[in-house]
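Okay, so here's the structure we're looking at.
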Amino acid sequence: MNFSLIFLFIFTMGSLSLAHSRLKASDSIKIRSMNPGVKTGPCGGLARVAQPAVLKAGDTVTVTWEETIYHPGRYEFYFSQSGDSNFTLLKTVPNGVNNTPVPHQFSTTLALPNVACDDCTLQMIQVMTENPNNPSNYYSCADMQLKAIGTTPPTPAPSHTDPNCP
C-alpha cells in the first residue's frame, strides 16, 4: 500500500476523532456528556443528568467551554425551562480566535431567566460558518433547576390563650 495513502488515512481518522467544542462542567454547569462531537440537536438524544445544578432564578452564571478544532463562526447559548424544547436565545458570542494553538478556552457570563423550573436545559450551539449557505452545528447541553428567590414567609400572628391579653 502506498505510504501517502496510509498517512492520509491515519491523519483523516485522527482528525475525525478530535473534538470541536463542548461546555465544561462546573458547580453551576452539569453537562450531559464530555462528547464534543454531538451533531444532532437539540442535545444529541443524551439523557439528562441525575443531579442537575440547582441555581436561583435570575442568577448570573459564568459558562466555560473549549474548542479543539478551529472553525469560523459563533457560539449561541439557549435556555429551555421545559426540558429540551422551546429554547430561547440568551446570548451570542463570536468565535474570534484563530491562528493560535488549540484548544481554545472561552468563557462568558449568562443571565438566567427569572423563572422557576425543575428540568431546565442550557444549550450551547457552535455554529460553523465555513459554508454560510449551509452552516454546520455542534451541540452541548447542561441540566439545571432554577428555584425562585427565597422570600421570608410572613410571621404568623401570635395565638393568645391568655384571656387577659387582647
Side-chain angles (χ1 to χ4, degrees), residues 7-146:
F7 176 79
L8 181 62
F9 175 77
I10 291 170
F11 179 76
T12 303
M13 292 308 292
S15 296
L16 292 175
S17 66
L18 291 174
H20 287 270
S21 68
R22 65 174 168 221
L23 286 168
K24 294 174 78 175
S26 69
D27 289 341
S28 57
I29 302 295
K30 305 298 181 191
I31 60 174
R32 290 195 190 173
S33 171
M34 294 287 295
N35 182 352
V38 176
K39 297 274 296 172
T40 305
C43 297
L46 299 167
R48 297 182 66 79
V49 298
Q51 296 182 343
V54 179
L55 305 167
K56 290 180 185 172
D59 264 358
T60 299
V61 296
T62 298
V63 178
T64 59
W65 69 98
E66 66 184 359
E67 173 188 57
T68 59
I69 296 178
Y70 171 74
H71 290 283
R74 65 187 176 276
Y75 295 93
E76 297 176 348
F77 294 88
Y78 292 87
F79 180 83
S80 169
Q81 68 183 47
S82 56
D84 294 345
S85 62
N86 301 317
F87 284 91
T88 57
L89 179 65
L90 296 178
K91 189 174 196 175
T92 299
V93 178
N95 186 355
V97 178
N98 191 6
N99 297 326
T100 60
V102 290
H104 300 143
Q105 305 299 315
F106 297 91
S107 72
T108 192
T109 56
L110 299 174
L112 298 174
N114 193 10
V115 297
C117 52
D118 288 328
D119 61 347
C120 316
T121 302
L122 176 66
Q123 176 195 55
M124 180 187 79
I125 302 175
Q126 179 187 21
V127 180
M128 299 177 291
T129 58
E130 287 101 341
N131 180 357
N133 294 328
N134 188 22
S136 181
N137 299 331
Y138 281 94
Y139 300 85
S140 186
C141 290
D143 299 319
M144 59 184 64
Q145 294 178 342
L146 296 186

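Listed by chain and residue number, nothing satisfies the ring-ring contact (aromatic ring centres under 6.0 Å, His included) test with Y139 (two or more places apart in sequence, or in another chain). Remark: Y75 engages W65, F106 in a ring-ring contact (aromatic ring centres under 6.0 Å, His included) (not counting sequence neighbours). With sequence neighbours excluded, no residue forms a side chain to side chain donor-acceptor pair (under 3.5 Å) with T88. For T108, the side chain to side chain donor-acceptor pair (under 3.5 Å) partners two or more places apart in sequence, or in a different chain, are K91. Not counting sequence neighbours, Q51 has no partner by the side-chain contact (heavy atoms from CB on, under 4.5 Å) test. Remark: P135 engages V127 in a side-chain contact (heavy atoms from CB on, under 4.5 Å) (not counting sequence neighbours). Partners of K24 under the side-chain contact (heavy atoms from CB on, under 4.5 Å) rule, at least two apart in sequence or in another chain, are T64, E66, Q105. The side chain to side chain donor-acceptor pair (under 3.5 Å) search around S136 returns K39, not counting sequence neighbours.
Side-chain contact between E67 and N95 is present, with at least one heavy-atom pair separated by less than 4.5 Å. In this structure the side chain of L110 never reaches within 4.5 angstrom of the side chain of T60, judged on heavy atoms. In this structure, the side chains of E76 and L89 come closer than 4.5 Å at one or more pairs of heavy atoms.
With rounding to the nearest 0.5 Å, the separation of CE in M144 from CG in L55 is 5.5 Å. The distance from the CG atom of L90 to the CE atom of M124 is 13.5 Å, given to the nearest 0.5 Å. With rounding to the nearest 0.5 angstrom, the NE2 atom of H71 is 5.0 Å from the CE atom of M128.
Smallest separation of non-hydrogen atoms from T92 and R74: CG2-CD, 3.6 Å. The minimum heavy-atom distance linking V63 with F77 is given by the pair CG1-CE2, 3.9 Å.
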What pairs of donor and acceptor atoms, side-chain ones from residues 111-123 against any protein atom, are under 3.5 angstrom apart with sequence neighbours left out?
| residue | atom | partner | partner atom | Å |
| --- | --- | --- | --- | --- |
| D118 | OD1 | K147 | NZ | 2.7 |
| T121 | OG1 | R32 | NH2 | 3.4 |
| T121 | OG1 | R48 | NH1 | 2.8 |
| T121 | OG1 | G83 | O | 2.5 |
| T121 | OG1 | D84 | OD1 | 3.0 |
| Q123 | NE2 | P42 | O | 2.8 |

Check step by step if side-chain contact (heavy atoms from CB on, under 4.5 Å) holds for L46 and V38. CA-CA 9 Å; L46 299 167; V38 176; 4.2 Å; yes
Using the side-chain contact (heavy atoms from CB on, under 4.5 Å) rule, take N86 and F79 through it: C-alpha gap first, then chi angles, then the decisive distance, then the call. CA-CA 8 Å; N86 301 317; F79 180 83; over 6 Å; no
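The disulfide bond (SG atoms under 2.5 Å apart) contacts involving residues 27-67 comprise C43-C141, where partners must be two or more places apart or lie in separate chains. The list of disulfide bond (SG atoms under 2.5 Å apart) pairs with a residue in residues 60-90, not counting sequence neighbours, is empty. Note on residues 21-58: no pairs pass ring-ring contact (aromatic ring centres under 6.0 Å, His included), not counting sequence neighbours.
The closest donor-acceptor contact from the side chain of S80 to the backbone of S85 lies under 3.5 Å. Judged by distance alone, with hydrogens and angles left aside, the side-chain atoms of D143 form a donor-acceptor pair with the main-chain N or O of V49 at under 3.5 Å. The backbone N or O of K56 sits less than 3.5 Å from a side-chain atom of D59, completing a donor-acceptor pair.
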